[in-house]
Amino acid sequence: METESPEPQEEQPSPHEPFSLKILSTVQVHRSLNGLRHNDHLRYRQYCSRRLRRLYVAMRFKHGKKHFKQATFPENFNDPKWIFIPLVQTERAWAFGVQLKADNAAAAAFNARWRHHSERKFAKACKYAEHLESVCKAHCDQRTQLEAEAYAAFMAGVWLVERESWAEAKTKLARCKKLCEHFILAADQAEASALREHLQELGPMLRECRYNLGEAEEEEEGLSKVAASGKDVRGDMTYRGHAVSIPSEKIRSKVMMCLESAKALQADVDSENRGPAPTEKYGEISVDFGEALKDIHGEMIAAGADADTAEWRTAEAFIREVSLCLSAERNLMLLRSHLTKLDDTEDVNTIDSRRNCRPEEGMRFCELIKDDLAALAELPESTPELEDRLATYKKAILDYRCLYLALCHTALGKLLEAAALLDMLTGRIEEAGDTDPGPLPRLEGLFQHIQQQLPSRVARWRCRVLVLLAKSKKSKKNETEEPSAEDTQPKAKQDLLATFPPKFRDIPCKPLLFDLAFPCIEPPDLEAILPKKQEGKGRQAVAAVAGALGGLGSRLGGWMGRK
């Protein structure tokens with residue numbers, strides 16, 4: 001009798017560090033790249049099916065070759081690819097439900113079976129999302145757990161809206177919105193744009209829930225809670241009318257050191273004692289502010305969305321504003337130095353002038369400043385005064401960009417385009433306004449300085465371009481005073497090109513004629529013209545000859561076939 005071998009014990013996997021996966025931004029990116037940019041949910045569902053198959057093969061998570069046998073999802077694993085399996089399953093079921101819903105809406109008649117089928121698919125997506133949330137709680141870090149919770153709340157909200165359970169759906173969607181807004185504050189620019197797209201999808205469903213519940217629109221929560229807090233607040237730390245308080249003493253000391261460095265750098269700039277390398281100083285302070293922002297983001301994620309994070313939000317917005325102002329100040333200093341070189345240049349076409357001052361670099365600085373101003377406008381708690389001042393700053397930067405673009409055309413020999421741009425710029429520039437500090441005192445002086453010198457610079461370069469244009473016309477005229485007979489045809493072509501763009505002229509349209517009387521015309525009778533009798537005689541003669549030949553051939557064949 002054979003001894004039974006003991007059952008092999010399952011090997012316990014080695015412990016791993018918590019996985020990190022940005023679920024919401026990853027989902028938005030894959031949706032936009034695989035059909036949902038054009039609302040093609042069928043294509044996205046097919047992509048999810050293919051990807052799920054590849055994951056099954058890679059992770060050896062198969063369900064039988066001929067007969068289906070459900071494979072159990074492992075509780076312990078070391079590969080983060082296992083997290084993508086419930087995520088892709090959720091996305092495939094959700095895409096199938098939306099596809100059925102869209103087909104039912106576009107059909108000529110309502111189909112109840114399609115509606116029930118789509119509702120079942122949304123329920124399956126909700127089930128897979130709950131599985132994903134449980135897996136993330138066991139194997140992922142704090143941020144991934146919160147993102148999985150937001151994703152599961154979104155899928156549950158979609159299913160409850162389809163079932164018309166408005167109160168429960170509103171609760172789930174509000175939870176998802178709160179978590180997404182919490183993630184936006186602790187995200188970079190690319191991830192924040194993906195999260196904003198997700199928030200736009202939540203808006204119509206929340207409005208539908210409020211409408212069916214008979215509720216009014218809710219106002220967005222601001223940062224006014226911080227002003228009511230009784231914690232220690234530094235008087236020199238204010239953000240757009242709100243006092244800033246940082247709960248962590250370690251982060252507060254780091255932020256204060258960064259602010260002192262920024263003030264010392266600003267004092268050096270105001271006293272025109274810039275030092276050997278001011279850009280390096282700006283870079284060092286920006287790195288310090290970036291580390292402080294990372295620490296604040298970590299504290300916000302650890303606190304979660306349920307905690308009172310208004311203080312952290314205000315601190316994060318304040319540090320981000322100071323960092324953006326420093327970046328804009330650095331770019332403005334580079335633009336000022338470039339403009340100083342430009343003032344010493346009389347012609348941008350020479351090699352020496354292009355070696356010292358290139359107009360393309362000025363355009364690059366203008367683009368960087370414009371991006372910084374756009375980022376400042378996107379910060380929370382914006383006021384009309386701040387928006388107007390940022391619009392003024394942006395207009396000044398766009399005027400300088402137009403000036404540099406005209407100089408680029410001049411360097412390429414396109415004098416007509418450069419003169420047109422400078423003429424337009426002369427009509428739109430304005431003198432610098434009042435010199436009050438405004439909401440952004442760090443940038444006010446620099447923008448006032450470049451705005452005051454803009455009219456003189458535009459007038460100077462406009463005169464130079466007009467002189468170059470006149471010289472080029474005179475030289476062309478001298479060259480064409482004694483044209484030869486061979487050059488008459490090219491000259492005619494140049495004259496045609498000089499009149500660009502051509503004037504509008506009327507062109508006769510090709511008429512479309514419809515002969516309405518054609519069906520009423522009776523065809524002529526040709527029977528009287530055709531000779532019927534002669535044709536009949538000829539046909540009879542041909543038939544007789546053919547019949548005689550056929551009989552002769554049959555007789556010869558029968559005679560030769562006898563034995």
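We're numbering straight along the sequence, starting at 1.
For the residue pair E149 and Q145, no side-chain donor N or O sits within less than 3.5 Å of a side-chain acceptor on the partner. Between the side chains of Y404 and H338, at least one donor N or O sits under 3.5 Å from an acceptor N or O. In the model, Y393 has a side-chain atom that pairs as donor or acceptor with a side-chain atom of E444 under 3.5 Å.
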Output, in order, the C-alpha distance, side-chain angles, deciding distance and verdict of side chain to side chain donor-acceptor pair (under 3.5 Å) for D343 and T340. CA-CA 5 Å; D343 294 338; T340 303; 5.4 Å; no
Let's go through V27 and F154 carefully: what are the C-alpha distance in whole Å and the side-chain angles of both, what is the deciding distance for side-chain contact (heavy atoms from CB on, under 4.5 Å) to 0.1 Å, and is it a yes or a no? CA-CA 12 Å; V27 165; F154 171 74; over 6 Å; no
Verdict with reasoning, R364 to E360, per salt bridge (charged side-chain N to carboxylate O under 4.0 Å, His left out): CA-CA 6 Å; R364 184 172 63 87; E360 303 90 73; over 6 Å; no
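Counting only distance, with no hydrogens or angles, the side chain of T171 and the backbone of A167 share a donor-acceptor pair below 3.5 Å. At distances below 3.5 Å, at least one donor-acceptor pair connects side-chain atoms of N212 with backbone N or O atoms of E208. For E133 (side chain) and A152 (main-chain N/O), no donor-acceptor pair under 3.5 Å exists by modelled atom type. Judged purely by atom type and a 3.5 angstrom limit, S327 has no side-chain atom pairing as donor or acceptor with the backbone of S323. A donor-acceptor contact shorter than 3.5 Å links the side chain of T383 to the backbone of L386. The main-chain N or O of K22 is found under 3.5 Å from a side-chain atom of T26 such that the two form a donor-acceptor pair. Here the side chain of H41 pairs no donor or acceptor atom with the backbone of W94 at under 3.5 angstrom.
Residue-environment remark: CE (M257) stays at or below the threshold of 12 foreign heavy atoms within 6.0 Å. Environment of CZ in F73: crowded, with over 12 heavy atoms of neighbouring residues, nucleotides or ligands closer than 6.0 Å.
To the nearest 0.5 Å, atom CG of residue L335 and atom CD1 of residue I369 are 5.0 Å apart. The SG atom of C402 lies 3.5 Å from the CE atom of M424; values are rounded to the nearest 0.5 Å. With rounding to the nearest 0.5 Å, the separation of CE in M205 from CH2 in W166 is 11.0 Å. Of the inter-residue distances, the one linking L422 atom CG with T426 atom OG1 reads 6.5 Å to the nearest 0.5 angstrom. Atom CZ of R320 is separated from atom SG of C325 by 13.0 Å, given to the nearest 0.5 angstrom. If you take OG1 on T392 and CD1 on I397, they are separated by 12.0 Å, rounding to the nearest 0.5 Å.
For Y47, there are no ring pair (Phe, Tyr, Trp, His ring centres under 6.0 Å) partners, not counting sequence neighbours.
At a threshold of 4.0 Å, the pair D352-R355 counts as salt-bridged, since one of the basic side-chain nitrogens sits closer than that to a carboxylate oxygen.
Annotation for C209 and A169: closest pair SG-CB, 3.9 Å, computed over non-hydrogen atoms. The nearest pair of heavy atoms linking T144 to C136 is CG2-SG, 4.1 Å. The two residues Y400 and Q453 come nearest to each other via the heavy atoms OH-C, 4.0 Å. A pairwise comparison of heavy atoms in A194 and Q28 identifies O-CG, 3.5 Å as the closest pair. Across I23 and E147, no two heavy atoms sit closer than the pair N-OE1, 2.6 Å.
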Kindly list each side-chain donor-acceptor pair under 3.5 angstrom involving residues 81-92, sequence neighbours excluded, with atom names and distances?
| unit_1 | atom_1 | unit_2 | atom_2 | d |
| --- | --- | --- | --- | --- |
| Q89 | NE2 | Y56 | OH | 2.8 |
| T90 | OG1 | P86 | O | 2.7 |
| T90 | OG1 | A129 | N | 3.4 |
| E91 | OE1 | R31 | NE | 2.9 |
| E91 | OE1 | R31 | NH2 | 3.4 |
| E91 | OE1 | Y44 | OH | 2.5 |
| E91 | OE2 | R31 | NH2 | 3.0 |
| E91 | OE2 | Y151 | OH | 2.4 |

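A cation-pi arrangement is absent between R457 and W461, since the terminal nitrogen or guanidinium carbon is not both under 6.0 Å from the aromatic centre and inside a 45° cone about the axis.
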